[in-house]
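In the text below, chain A, chain B and the rest are named by the order of the sequence lines, each starting its count at 1.
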Amino acid sequence: MSGKYTEYQQLNLPSISEEILAKWKNENTFEKSVTLREGFPPFVFYEGPPSANGMPGIHHVISRTLKDLVCRYKTMQGFQVKRKGGWDTHGLPIELGVEKELGITKEDIGVKISVEDYNKKCREVVMRFKDKWDDITQKMGYWVDLNNPYVTFENNYVETLWWCLSELYKKGYLYESVSIQPFSPAAGTGLSSHELNQPGTYKDVKDTSAVAMFRIIKNEKLKIKNVDGDMFLMAWTTTPWTLPSNLGLTVGPNIDYVLVKTFNPYTHLPVNVILAKNLIGKYFKPEGENGDFENYKSDVKLLPWKVIAEFKGKDLEGMEYEQLLPSEANTLESIRGIVKDANPFHVMIDSFVTTEDGTGIVHTAPDFGADDFRVGQKNNLGYFTIINNRGQREKLVLVDKQGKFVDGVGEFSGRYVKDYKDEPGYVDVNIDIAVKLKLENRAFKVEKYEHNYPHCWRTDKPIIYYPLDAWFIKTTAVKDRMVELNKTINWKPANTGTGRFGNWLENMVDWNLSRSRFWGTPLPIWKTEDGEEELCIGSIAELNSEIKKAAEVLGGETNKHYLHEGILDLHKPYVDEITLVSPSGKPMKRVPDLIDVWFDSGAMPYAQWHFPFENKESFKESFPADFIAEGVDQTRGWFYTLHALAVLLFDSVAYKTVVSNGLVLDKNGQKMSKRLGNVVDPFATINSFGADATRWYLITNASPWDSLKFDEEGIKEVQRRFFGTLYNTYQFFALYANVDGFAFKEAYIPVKDRPEIDQWILSSLNTLIKDVQDNFDAYEPTQAGRAIEDFVNAHLSNWYVRLCRRRFWKGEYEHDKICAYQTLYECLEILCKLMAPVAPFFADWLFNNLNAVSGRFTNESVHHTDFPKVNETVIDTDLEKRMQLAQDISSLILSLRKSKKVNLKVRQPLQKVFIPAMDSTMEARIKKVEDIIKAETNIKEVDILSAENDFIQKKAKANFKTLGKKLGARMKWAAEQIAAFDNATIDKVLESEYLLNPDHAITGDEPVYITAEDMEVATDEIPGYEVAVKGSLTVALDITITDDLKKEGDAREFVNRVQNIRKDSGFNLTDRIDVTVSENAALQPSIIQYKDYICAEILADSLAFTPAINNGIEIEVNDAILQVNVLKKG
RNA sequence: AGAUCCGUAGCUCAGCCUGGUUAGAGCACUACACUGAUAAUGUAGGGGUCUCCGGUUCAAAUCCGGACGGGUCUACCA
């Protein structure tokens, strides 16, 4: 280890990335970063599998940066972090992509193309962009093990999924029920939400709407008395055909309702109706209030009405009413046929009710609405059943799949609820239902109503919501446990866990697993035709043995293709070809459903290890995860399914910390979309700016969970401002370290033996270490990154390096210089490590550049080193404070120097600056940084005016914070008093307690005592000097330029000019020179007086005057023109 | 529609939890300085009714309520 630090022409981040990437590949740096930690405690990370079916986008880069930096950080902290990659390979996007490519629709599958060929095609395309993904993974520096990834379509993976399902089945968590889904009677098929979101499916249509009246038969809770006639609950519907299926009414718990006495506008009978208070205006005219009830007749237009009671929705809960349209098919017996204790026809409360339209009371037909079904289940309303032709009770809705009423619904049986068949002379059954209600005194208002209603994209006919068979996981059974365990999870940001996720858990419904698609994990359940017997398969071995058993029992052709090798592929159509046999000897076919792909990814903690069939140890070690991170859109996706399955299967969390990152928007805050053409290409970005700048920008610009407005200008800024500065600092170091041959070979000089400024930057550095570590530990990389940035810019570059420049190029290679080198080297070295998690390429590059010469580490890469440990003994907060003071004072002096009035270059020395110290601490602090101030501002003396001086006029300002608490309303008065203090009073307060209102005995107020801490003392004027003020800090500059000062200024100016000549002539830093100068009356005295100083600065062996110079260089020094000759020696 | 996040300088963001009297930083812009870190650096300046309206308080960018605007997720409803 020796030689020179590599110096560069300019910073080229993309080429650094390339160089380091090649090195990593060569040296297996990633693999080693894991194997080197063998035997260390594990830190478990789960990779949320992306789908290689689509191209990677910039939003993938941000979440992967987040994952990567945490894993790298934890590795440096001494953990072993294995990172198994994975691929999500099932699901609708893949199927839709294939359909589009083949130019087919879902209905064509199994007709125009066999399921076998279709799935083969899906399998081909799932990894279509794997190369692109691998490429971005490498280029962005995301370390993940892609050699042994888990792949969700592989048999092993699916087998574990089956095992999970069978475990759930055994626990009674997997059950068959119905879910309310969009359904097209015209097409005879269910529609996915995707299909429903096709453009043009929602159309404005006019439908017959009805406000139906439900007669109350029990109101024990409300105890309304003295009411003449019947009481009714009013409920509005735009689909009167659902009224025979009504099983309940729902009200909002906190909505105000009223009971109104009035007449039925159709039958003119006296009635009392209940509706939401703020919807009265929809049904009653104001002038009819308390109208003429006595003389109301059928021909009176104005309906009299009167509010006779008022109550909250929750007061209505449980109220029972008479069934609206009873018929043979919807009797209580038929309802209780399957749900034995069903309790329909009462009022329920739920939060989904609004008073936007209707009556504030929602007609609830569980068969035909998702909300209705949910509320119905919660309140045990039951649903309809009838006796089928095999004499069994089965659930059946009052409308069949063709969209017509079934038998037993009275006069409506056989009629289509909408005109699905384009029947000539179709009579709308909804109108007939409304008419019937009118005649029976059960309708209050019937009218055409225009609204937006979804239609089938293929037939253009209105869809209905319809109960379809589906398999569910009973997540609600463990809801409390999920809520409880969720509280132990560290959510970043916290409110996603309590808010978005917490609310989601609170309102959880059972997980509908069923998907009627083709490319996915089949539900491993086989059923007999009558549905009496079923079997849930939990492994390939079990299936194979059942295959054989069925072949033996059932004989014939049964499973003949699967007898030799068993099943080879767990997908459709093969699983569907298999017939199993029930205990009673009946054949069983598989239920046709596939499962939700979210189950695939939610089960990855188990399936990635093919648990429990293999790798039991690996699983045990890696469950639950310490850390996961994905986009916030996964809250109800992956985060939920992981959590649900872990709780259901193992009564455990699946992850201890989860970071959810926000969306990446374009620079105008628009969502990126192909349509708008504002999608950022991550490849182009990384190619032009390098991975480090991109990563740094993504992490430091906004907290990961805030949405990020992506703007290339921001990356450029990071490049210049952060990486550029750090690179310059390194270049500076390398330049001089190479001259002096510094290789950190000398013994480490104790920090306390180094100059104040070295102690200061090292103190700041250790404070930074602490800060960065705390922030990384708290999963706040944005704060960590910003702290590093701030240190590099404000402290290291702008202050330490700038002030210490001379130390590097001046003087011999001895104590002070070595201190400077050791200090700057240490800063750079530590910075490499601190930034390594976020900017892995640059950090490693810088580390290698440094270490190649010093050989301080045997590690091949910064990523194999340990994270820096903070050295508390080096931290000196008082030192950091006084350096801040020095910076503030210098800044004030410099601002004075350049003010129009003064306008004196820094190169012109000045004699003195006065700084009033408001207390002894401040005085001591300034004293210690005096030299720094003098050097920085080129001033000879710093005169600290101690606190007791009378020279300056002090001003006191009330400390609102301390006084406000004590004084309250009298604060304003006190502030005025304090502002008016003279020097003597201020001194008194500083010395001891001071009574602010000596007349308190007379006025009768409480005495007010104030102390030093209750005021801030400052000054804004010092007679006869130029003054600048910042807070309580004041500096006064003596701008008198004596003859001596002038001469010294000339000398410095002269030095500067010669230095320029040296530089322009391309001399080396160490070249010695001879200088000849033309005689000049104005400057000669200065140059002669400061000859020694000048020669030392410009490395001149001689400096001589001659009357005239030919071919010299003309220079201008403070308005004088000189000719100069500068000759390099030797 | 509900949940949630956000709204501070032309732009990107701090500050808000824990209220305190000149609201900060960087970028950009303008001017100046520096010239052995030089495709680097420094200093200064302009630029803000802290989205709006109410409330609490001696005091509100900060706490509370409401409105408006934007993002996301969920839902699609009588």
Exercise for the section: Please state whether the phosphate of B/rC13, meaning OP1 or OP2, lies under 4.0 angstrom from any side-chain nitrogen or oxygen of A/N701. Expected result: yes
Exercise for the section: Would you mind classifying the nucleic acid contact of A/K905 as base, sugar-phosphate or nothing, using non-hydrogen atoms under 4.0 angstrom? Expected result: sugar-phosphate
Handout entry: Nearest-Å distance once atom P is located in both B/rG26 and B/rG70
Key = 33 Å
Handout entry: Salt-bridge criterion met for A/E976 and A/K972 (N-O under 4.0 Å)
Key = no
Practice task
Show the numbers, then the answer: is there a salt bridge (Lys or Arg N to Asp or Glu O under 4.0 Å) between A/E1053 and A/R1057?
Solution key: CA-CA 6 Å; A/E1053 200 76 12; A/R1057 298 299 184 267; 2.8 Å; yes
Practice task
Determine, for A/K961 against A/E1013, whether the closest basic-nitrogen to carboxylate-oxygen distance falls under 4.0 angstrom.
Solution key: no
Exercise for the section: Please round to the nearest 0.5 Å and tell me the distance separating atom CZ of A/R786 and atom CH2 of A/W696. Expected result: 11.5 Å
Handout entry: Rounded distance (nearest 0.5 Å) linking atom OG1 of A/T937 with atom CZ of A/R897
Key = 6.5 Å
Exercise for the section: Would you mind checking if A/E1006 and A/R970 are paired as a salt bridge, meaning a charged N to carboxylate O distance below 4.0 Å? Expected result: no
Handout entry: Proximal nucleotide (of B/rA78, B/rC13, B/rG20) relative to the A/T239 side chain
Key = B/rA78
Practice task
Would you indicate whether the side-chain heavy atoms of A/L828 and A/L726 approach each other to under 4.5 Å?
Solution key: yes
Exercise for the section: Using the P atom on both, measure B/rU43 against B/rG54 and round to a whole Å. Expected result: 42 Å
Completion exercise
By nearest-heavy-atom nucleotide on RNA chain B, the more 5' of A/W809 and A/E717 is A/E717
Exercise for the section: Could you tell me whether A/D790 contacts a base, only the sugar-phosphate backbone, or nothing, with contacts defined as non-hydrogen atoms closer than 4.0 Å? Expected result: nothing
Fill in the blank from the handout: A/D711 atom CG is separated from B/rG26 atom P, nearest whole Å, by 19 Å
Problem - Atom P, compared across B/rC63 and B/rG15: separation rounded to whole Å - result: 12 Å
Practice task
Report the relative orientation of the aromatic rings in A/F733 and A/Y730; use parallel for angles under 30°, tilted for 30 to 60°, perpendicular for over 60°.
Solution key: tilted
Practice task
Answer with base, sugar-phosphate or nothing: what part of the nucleic acid does A/Q731 contact at a heavy-atom distance below 4.0 Å?
Solution key: nothing
Handout entry: Under 4.0 Å protein heavy-atom contact, by nucleotide of nucleotides 57-63 of chain B - B base, S sugar-phosphate only
Key = -B-----
Exercise for the section: Identify whether any heavy atom of A/N1060 sits under 4.0 Å from a base atom; if not, whether one sits that close to sugar-phosphate; answer base, sugar-phosphate or nothing. Expected result: sugar-phosphate
Fill in the blank from the handout: Side-chain atoms of A/K709 come closest, of B/rC13, B/rA78, B/rU12, to B/rU12
Handout entry: Residue A/A702, side-chain heavy atoms: nucleotide from B/rA28, B/rG20, B/rC13 that is nearest
Key = B/rC13
Practice task
May I ask you to say what A/D207 touches in the nucleic acid, namely base, sugar-phosphate or nothing, with a heavy-atom cut-off under 4.0 Å?
Solution key: nothing
Set out, line by line, the N/O atom pairs under 3.5 Å between protein and nucleotides 43-46 of chain B.
unit_1, atom_1, unit_2, atom_2, d
B/rU43, O2, A/K898, NZ, 2.6
B/rA44, OP1, A/S891, OG, 3.2

Fill in the blank from the handout: A/Y449 OH to B/rA78 P, in whole Å, measures 9 Å
Exercise for the section: Looking at every strand, decide which applies to A/V801 at a 4.0 Å heavy-atom threshold: base, sugar-phosphate, or nothing. Expected result: base
Handout entry: Sugar-phosphate only, base, or nothing, as touched by A/F733 at under 4.0 Å among non-hydrogen atoms
Key = nothing
Practice task
Check the side chains of A/Y453 and A/D207 for a donor-acceptor pair under 3.5 angstrom, ignoring hydrogens and angles.
Solution key: no
Exercise for the section: Taking only the side-chain heavy atoms of A/T725 (C-beta and beyond), determine which of B/rU41, B/rC13, B/rC27 contains the nearest atom. Expected result: B/rU41
Practice task
Report the residues that fulfil salt bridge (charged side-chain N to carboxylate O under 4.0 Å, His left out) with A/K957, sequence neighbours left out, ordered by chain and then residue number.
Solution key: none
Practice task
Looking only at side-chain atoms of A/R720, point me to the closest of B/rA28, B/rA39, B/rG20.
Solution key: B/rA28
Handout entry: side-chain N/O A/R721 vs B/rA40 OP1/OP2, d < 4.0 Å
Key = no
Exercise for the section: Send over the distance from A/F639 CZ to B/rC73 C1', rounded to a whole Å. Expected result: 13 Å
